[in-house]
Undergrad: 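Here you go, one structure.
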Amino acid sequence: AKKSDVPTPAKAPEKTIELNYSIFFPPTHVQCIEAQNWADEIAKRTNGRVKITIFPGGSLTQAPQCYEGVVNGISDLGMSCFAYTRGRFPLLEGLDLPLGYPNGLTASRIATELAMKYKPAEVNDVHLLYIHAHGPGILATKKPVNNLEELKGMKIRATGLSAKIVSSLGATPVAMSQPETYEALQKGVVEGTLCPIETLKGWKQGEVIESVTDSSVIGYTTAMFVAMNKQKWESLPADIKQIFTDVSKEWVDKHGNAWNQADEDGKKFVESLNHKTISLNEAEKQRWKQAVQPVIDEYVTAAKAKNLSGEKFLADIQKMLQQSPK
Amino acid sequence: MLKKVVSIYDHSLKAAVFFLAVIAAISILAMIAITCADVVMRIFRRPILGSFDMIRIAGMISIACALPYTTAVKGHVAIEFLHHKLSRIGRAVLDVFVHFSIIVMFVFLAVRLIAYGQALHKAGEVSATLQIPLFWIPYVIAISCFAAVLVTLHILMHPGKEMIKP
Amino acid sequence: MTALQIGICGCIFLVVMLVSSIPVGLVMAAVGAIGFACIVSPQAALSMISADVFDIFSSYSLTVIPLFVLMGQIGFHSGISRRLFNAAYKWLGHLPGGLAMSTVGACTVFGAICGSGPATAATMAMVALPEMKRYNYSMELATGSVAAGGSLGMLIPPSVVFIVYAILTEQSIGKLFIAGIVPGIMIAAMFCLQIYIQCKLKPSMGPVGEKTSFKEKLISLKGVIETILLFVFVMGGMFAGFFTPTEAAAMGALGILIIAAVRKNITIKILIRSLFETIRTSCMVMVIIAGAVIFGRFLAVSRVPFELASSLSTMPLPPWVIIAFIIIFYLIAGCFVDALALVLLTVPIFYPVVIGLGYDPIWFGVIIVVVTQMGVISPPVGINVYVVSGIERDIPLQTIFKGSMPFLYTLIIASIILVMFPSISVFLPNMLK
Ligand code: NA
Ligand code: NA
């Protein structure tokens, strides 16, 4: 037979690139589903040359070990919170500060844009794809809180940075794991919790609180990275790298919108349980802002001690917050 | 002469194992003290900030430092089904294999933990609330693993009995 | 070889290595790491070990283990638990297997404090085993009742497994907790009935004691009044909201120290001895848990549980057959994997199928917990059995697994009853609607 009878492919068929992706969210969580959609989109645009398998619920690496796991190749991709490894990200820590994020979409956009702009050395050991961040952390309590006086001394569940916010507001931070919080609220070990409103539905804590105070004027967030192992990234062909970059760019908004939707659902859940939502008046808002200022100053000082431009970074966040639609 | 050196070595190894065990025991008492103080002070709305961090670190030290002692008293659970089925020579061979495997595993773990400690040091990781540096903790676990290796070697040399009576 | 094949080989290799008399925790860690190295990379496997060891040793929720173990140790060495069992013997000793039944009862109550199965098993082993030995109980029955009784803590609220299930399936934690109460008590009662029948058939297993007068029974309570007070304090403190279940462990340990000191039952020597026993036991338990977690990582990355579960859920079969297959799946998988890891990996696959068949989500949660209970006492990887064996070292593991078998059968019967009569699980939570 002649050679032309058999259509030979131009190149030998490429081996599919298989990647493991570790996520601490349970598989049913909307952010995990969004990550799955991201993986599917990449598979689609690369015509199946890249196959990503998601390991949810921390089944491959626990949330605090996720970043180091990506560095060492336990997983090729990872999604977790910067805050779980305190001290590792001295500049990006600034993203989580109580700066008054209006919603998750804005927070996600600001976080990704600034991280890409600053390219801080602290994330040099991975390839950062994008960042998303939850909506403003608010106050959910068993007794209504209208002002700082009513909050004074209240036992509020908080860990890490949010513990500092709680103390600066004059309340008493009590640390415990998220799974323990439901019972602690039910039995009164704590009288409230500081968290995005989405958590009240996701972790069912809405069942055991009575009132929500819209403290989004000092809304903090938790930035979550999506990162790839550095060597893995370098080994990818240029066109696939481009697809990763493009899809990731698009997915910042998808995650952000998902956070917004989750907060919306959280609000509905709280309403369906007949809990009231308290808005702070203008004067009170200013007092809350002033109260948490030391937490922000502390960040700037700590960053300066490490020769990082924390002040400039912070100014950039605040500028973007002002420009963002409310 | 050699006998004396061996005897000094044996004694200092035992002393080191006991020393680590005492640290483990003190850490457990510290966990109780911190938790109870935190609960009582919470009634007065003055809880101990960072008790969560302290308890986690104390818990980690207590488990890590207990490792050589647990190994020395043969405290680990093993299925000794095959052991009971073998002849005397078979048992001796199996014992060497088992202890050799344990030594290999502990050495691997210790080396990896030192690398992990270095990574934490380089990254500057600290505890969530009190911001205590964490890099030294893997080193402590690694030291315990090395001590457990020496203990296993000792048991391998003196087959059939535990190094320390429980 | 595909990852799936490596996963299955890993399970077989684990069983072979387990009987080699290398400590079980180390075997699970080593087999898990080797398998992980084959599927991912050696470098990743080595990193995973150190990360997991660090993570588990520093886990806040696992700090309850040393604290509850210390509580049991002081109770034992100071004679408090002996008095407790003397009282139990006066009340229930005339029944065949009365002490084993009291052990199950004590586990049920303790399960209401503690969310962790191994911690419950460790504490009760320390308290109950020496006493049952003293009254000439068969060691199979004694250790079996402790290992199986310890699993009740997973069904009686608070329960870590329920919390994980609630998050995965968007169900109410409160409702699930309430749903666990009646099945928990039912299974405790079934365990007692099973012990009764076993001892009736073979009286030497749990020798019958003398009948005692009501007056003697009352007098026996005098020796345990402060222990009952401690119990009321710990339980009450939790329900009144003074401390969390994790903190309750520390409060209980302090409380029993105070009781022993006031009663002059404790010397420095006893305290030191208790502490040394405590560090040994907790280290042993933590090494096993670390091994189980590392092995679980390997199974996760091999996707064996995932593939099995998804092929099971797509089979065109009548609803009750699917439920039966799911139970059998957990029964087999529970032989190898730690309960919590299994729930996390497989519930998201089964849940939509089961709900699609029209079953109640709360009911399915109860079934999941009961089947994971089976896993902690079934060979070859049964965490509770390992823990009991580590505390009572004269008893070979085979004896404890053998002693746990009847309890495993009882759990299977209980799960069949719960499948046939869903209202046992759902009527309480539904009442609260
Ligand atoms: Na429980
Ligand atoms: Na099992």
Side-chain angles (χ1 to χ4, degrees), chain A residues 63-65 67-72 74 81-91 93 96 121-126 151-168 170-178 180 184 188-191 222 298-299 302-303 305-306 308, chain B residues 30-61 63-64 105 108-142:
Chain A
Q65 308 291 350
Y67 188 88
E68 183 73 17
V70 172
V71 174
N72 288 319
I74 300 179
C81 307
F82 288 115
Y84 282 149
T85 44
R86 197 89 203 267
R88 204 183 243 274
F89 308 105
L91 186 74
E93 216 168 74
D96 293 359
E122 60 209 40
V123 287
N124 267 351
D125 42 6
V126 296
L151 181 61
K152 195 168 171 50
M154 255 187 168
K155 293 175 286 185
I156 306 293
R157 186 259 171 199
T159 53
L161 176 78
S162 61
K164 287 204 172 149
I165 300 174
V166 166
S167 355
S168 69
T172 308
V174 179
M176 65 185 65
S177 62
Q178 202 61 269
E180 256 192 325
V189 177
V190 291
E191 298 152 293
T222 307
E298 196 182 323
Y299 162 76
K306 286 182 178 161
L308 294 166
Chain B
M31 280 158 73
I32 298 177
I34 296 167
T35 311
C36 294
D38 189 34
V39 168
V40 173
M41 293 304 283
R42 203 186 295 152
I43 299 172
F44 305 105
R45 305 203 174 262
R46 292 255 178 291
I48 301 167
L49 195 68
S51 58
F52 196 78
D53 291 12
M54 287 189 274
I55 288 164
R56 279 186 59 187
I57 291 174
M60 186 146 45
I61 293 173
I63 300 300
M105 289 178 210
F108 258 119
L109 185 57
V111 171
R112 273 311 308 172
L113 280 162
I114 290 171
Y116 187 68
Q118 283 168 333
L120 288 187
H121 196 183
K122 205 177 127 226
E125 257 187 67
V126 293
S127 69
T129 312
L130 289 180
Q131 310 210 20
I132 305 168
L134 294 177
F135 69 90
W136 55 276
I137 294 171
Y139 293 157
V140 173
I141 310 180

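Predicted model, so just to flag it, every value in this text is computed and none were measured. Below, chain A is the first sequence line, B the second, and so on; all start at residue 1.
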Undergrad: Which heavy atom in T129(B) sits nearest to a heavy atom in G160(A), and how many Å separate them?
TA: OG1-N, 3.6 Å
Undergrad: Below 4.5 Å from any heavy atom of chain A, which atoms of Q131(B) appear? Answer side chain, backbone, both or neither.
TA: side chain
Undergrad: Is it the side chain or the backbone of S51(B) that comes within 4.5 Å of chain A heavy atoms, both, or neither?
TA: neither
Undergrad: Could you give the distance from CZ (R86(A)) to CD1 (I132(B)), rounded to the nearest 0.5 Å?
TA: 12.0 Å
Undergrad: Quick check on the interface: out of R88(A), E68(A), M154(A), K164(A), who has the most heavy-atom pairs with chain B under 4.5 Å?
TA: R88(A)
Undergrad: With sequence neighbours left out, write down each residue that passes salt bridge (charged side-chain N to carboxylate O under 4.0 Å, His left out) with D38(B), or none if nothing qualifies.
TA: R42(B)
Undergrad: Do other residues, nucleotides or ligands put more than 12 heavy atoms under 6.0 Å from the OH atom of Y139(B)?
TA: yes
Undergrad: With a 4.5 angstrom heavy-atom cut-off, which part of V71(A) approaches chain B: side chain, backbone, both or neither?
TA: neither
